[in-house]
2 protein chains.
Amino acid sequence: MLSNTEENYLKALLKITLLNENEQVGTNELAKHLNVKPATANDMLKKLKEKSFVEYEKYGKINLTDEGKTKAIYIVRKHRLWETFLYEKLDFSWDEVHEVAEQLEHIQSTKLIDKLDKYLNFPLFDPHGDPIPNTKGEFLSIYKKKLSDVEIGQSCKMVAVRDNSSSFLQYVVKLGLGLNNQIKVISKQDFDGTIEIEVEEKKSFVSTKFAENLFVI
Amino acid sequence: MLSNTEENYLKALLKITLLNENEQVGTNELAKHLNVKPATANDMLKKLKEKSFVEYEKYGKINLTDEGKTKAIYIVRKHRLWETFLYEKLDFSWDEVHEVAEQLEHIQSTKLIDKLDKYLNFPLFDPHGDPIPNTKGEFLSIYKKKLSDVEIGQSCKMVAVRDNSSSFLQYVVKLGLGLNNQIKVISKQDFDGTIEIEVEEKKSFVSTKFAENLFVI
DNA sequence: AAAATTTGTTAGTCTTGCCTAACTTTTATA
DNA sequence: TATAAAAGTTAGGCAAGACTAACAAATTTT
Ligand SMILES: [Mn+2]
Ligand SMILES: [Mn+2]
Ligand SMILES: [Mn+2]
Ligand SMILES: [Mn+2]
C-alpha cells in the first residue's frame with residue numbers, strides 16, 4: 001500500500017513525463033512540482049526505486065517502471081472522476097474542483113471508484129477536457145496543439161486547458177471562453193506576441209503565456 | 001488544522017462519551033478504540049490538551065472541551081453524510097459504507113460537505129439509523145432502548161444498530177431484519193438468555209449480545 | 001490495612017517525510 | 001579546456017505518531 005505522499009510523487013513523475021514530452025525528468029523539477037526541496041525528492045526517489053516504482057541510478061535518468069506508471073495512471077483516473085463528480089453532480093465550478101480532488105484521489109477503494117465511474121456514466125473527459133483513464137489504464141491521447149500554435153486567420157476549437165489553477169480558469173471564463181468554443185486568431189502583435197482572438201463575435205487580446213495554456217484542435 | 005490522527009482521537013472520545021453515558025473515559029479504553037497502545041494515547045492526550053481540545057490532568061478525568069466536541073461532531077456529520085451518499089447514490093450495501101466513510105470523513109472542504117448535504121436532500125439519519133448532525137452541530141437524540149430491554153410479549157420497532165461492523169450487519173440481514181422492522185419478543189431462555197423473536201411471521205433465536213446491539217423504540 | 005491488580009505515565013527508540021548545509025557531479029560558458 | 005553555474009547527493013536534524021519496557025498511582029481484593 002502506497003502512502004499519500006508516495007502517490008503524489010508517482011503522479012508528479014507521470015505528469016512531468018507527459019508534459020515534457022521527450023525531455024528527461026530531473027530531481028529539481030520534480031521537487032518544484034511537489035513544493036519540496038530537492039534533497040527531499042532525492043530521498044523519496046531512493047525509496048520508490050527500492051519499491052521498484054521508478055528506475056534510476058545516482059546522477060542518472062529517472063523513469064517510472066511499468067508498475068509505477070500503472071499506479072500513477074490509476075491516481076489520475078481517480079482524480080479526474082472525482083473532478084467530474086464535483087462538477088456534474090455537486091455543482092462545483094471548474095476552477096474549484098481540482099483542490100478537493102487532490103484529497104479525494106487518495107481514497108482507497110476500488111469498489112468506490114468503479115461505482116463512481118458507473119454513476120457518472122463512464123465519462124471520457126473531466127471538466128478541464130483531460131481524458132479519464134478507464135479501468136485498464138487506457139485513455140484517449142492528450143492534445144498537443146496549443147492556441148499559440150494557431151496561424152493568423154485560422155480557426156480552432158478549444159478542447160482542454162493545460163493549467164488547472166483557479167487564477168487561470170477564472171480568467172478563461174472572464175474572456176467568455178469555455179470547452180468546445182470556436183476561437184479565431186485575428187492577429188498577433190510583433191511587439192510582444194499578444195494574440196487577438198475572436199470568440200462568439202467578441203474580440204479580445206491574450207498573452208502568449210495564456211495562449212500556450214489552451215489546447216485546441 | 002487538525003491531522004487525520006487528531007481527528008480520529010476526538011471522534012473516539014466523543015463516541016466513548018456518548019456510549020458510556022455517565023462513565024468516565026480512560027486512557028486504556030481510548031487506546032483500545034483506536035487500536036494503539038495506551039502510551040500512544042497518552043502522548044496524544046497531552047497534545048490535544050495543549051491545543052485545548054480536551055481537558056485533563058495527570059491521572060485525572062478526560063473531557064472534550066466545547067471546541068473539541070464541535071470538531072468531533074463535525075467529523076461525525078461528514079462520516080454519516082458520506083455513508084448516506086454511498087448507500088443512496090452509489091448503491092453500496094449498509095455493511096460496506098463504514099470503512100470507506102472512515103477515509104472520506106477527513107476530506108477538508110466545507111463547501112463539499114454542504115453541497116453533499118443538499119444533494120442528499122438534508123438527510124436526518126444514516127443507513128444505520130444514526131442521526132446526522134446539521135451545520136450547527138445539532139442532531140436528534142440517540143436511541144437508548146435495546147432489543148435486550150424489551151419484555152417478553154412486547155413488540156418494538158428497530159431504529160438503529162449499535163455495532164457497525166460488517167460481520168454484525170450481515171448477520172442482521174441474514175435474519176431478515178432491517179431498519180423500521182417490527183420485532184416481537186416471544187420468549188427468553190433461562191439457560192443462556194437467548195431471545196426468541198418474530199419478524200414478519202418469521203421466528204428466530206438471537207443471543208443477548210446480539211440483542212444489545214439493536215436499538216428499538 | 002496490606003497486597004494484588006488495573007490503569008496511567010515516562011523514557012527511549014523507530015519510521016516517514018520534511019528541512020538545511022555542505023559537498024560532488026554534470027553541464028554550460030568563456 | 002578551464003572555470004563557473006546548475007543539478008544532484010549526502011549527512012545530520014526535527015516533528016508526528018507509533019512502539020516497548022519500566023515505573024507510578026489508583027483501585028480492588030483479600
Ligand atoms: Mn485536477
Ligand atoms: Mn482536471
Ligand atoms: Mn460508520
Ligand atoms: Mn453509520
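Proteins get letters first, then strands, A, B, ... in listed order; numbering begins at 1 in each.
Taking 4.0 angstrom as the limit, A/Tyr9 places a side-chain polar atom (N or O) nearer than this to OP1 or OP2 of C/dC18.
The B/Thr40 side chain lies nearest to D/dC19 when the options are C/dG8, D/dG8, D/dC19. Side chain of B/Asp43, nearest nucleotide from C/dC18, D/dA18, D/dG8: D/dA18. Listed nucleotides: D/dA18, D/dG8, C/dT7. Nearest to the side chain of A/Asn28: D/dG8. Taking only side-chain atoms of B/Ala39, from C-beta outward, the nucleotide of C/dC19, D/dT9, C/dA11 with the closest atom is C/dA11. Distances were taken from every side-chain heavy atom of A/Lys46 (C-beta onward) to each of D/dA18, D/dG8, D/dT10; the shortest belongs to D/dT10. Checked against D/dA18, C/dC19, C/dT24, the side chain of B/Thr5 finds its nearest nucleotide in D/dA18.
Contacts of B/Ala41 with the nucleic acid, taken as non-hydrogen atoms under 4.0 Å apart, are absent.
Place A/Val36 and A/Lys58 on DNA chain C by their nearest nucleotides, and A/Val36 ends up nearer the 5' end. Two residues, A/Lys37 and B/Thr27, neighbour DNA chain C, and the one matched to the more 5' nucleotide by heavy-atom proximity is B/Thr27.
For residues 27-42 of chain B, the side-chain hydrogen bond (donor to acceptor under 3.5 Å, both in side chains) pairs, not counting sequence neighbours, are B/Asn20-B/Glu29.
For the ring-ring contact (aromatic ring centres under 6.0 Å, His included) test, residues two or more places apart in sequence or in another chain that qualify with A/Tyr171 are A/Phe210.
Protein atom CG of A/Asn42 is 9 Å distant from nucleotide atom P of D/dG8, rounded to whole Å.
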Pair B/Lys111, A/Glu96 - check salt bridge (Lys or Arg N to Asp or Glu O under 4.0 Å), show working.
CA-CA 10 Å; B/Lys111 186 171 253 173; A/Glu96 296 170 325; 2.5 Å; yes
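For the residue pair B/His98/B/His79, the side-chain donor-acceptor check at 3.5 Å is satisfied.
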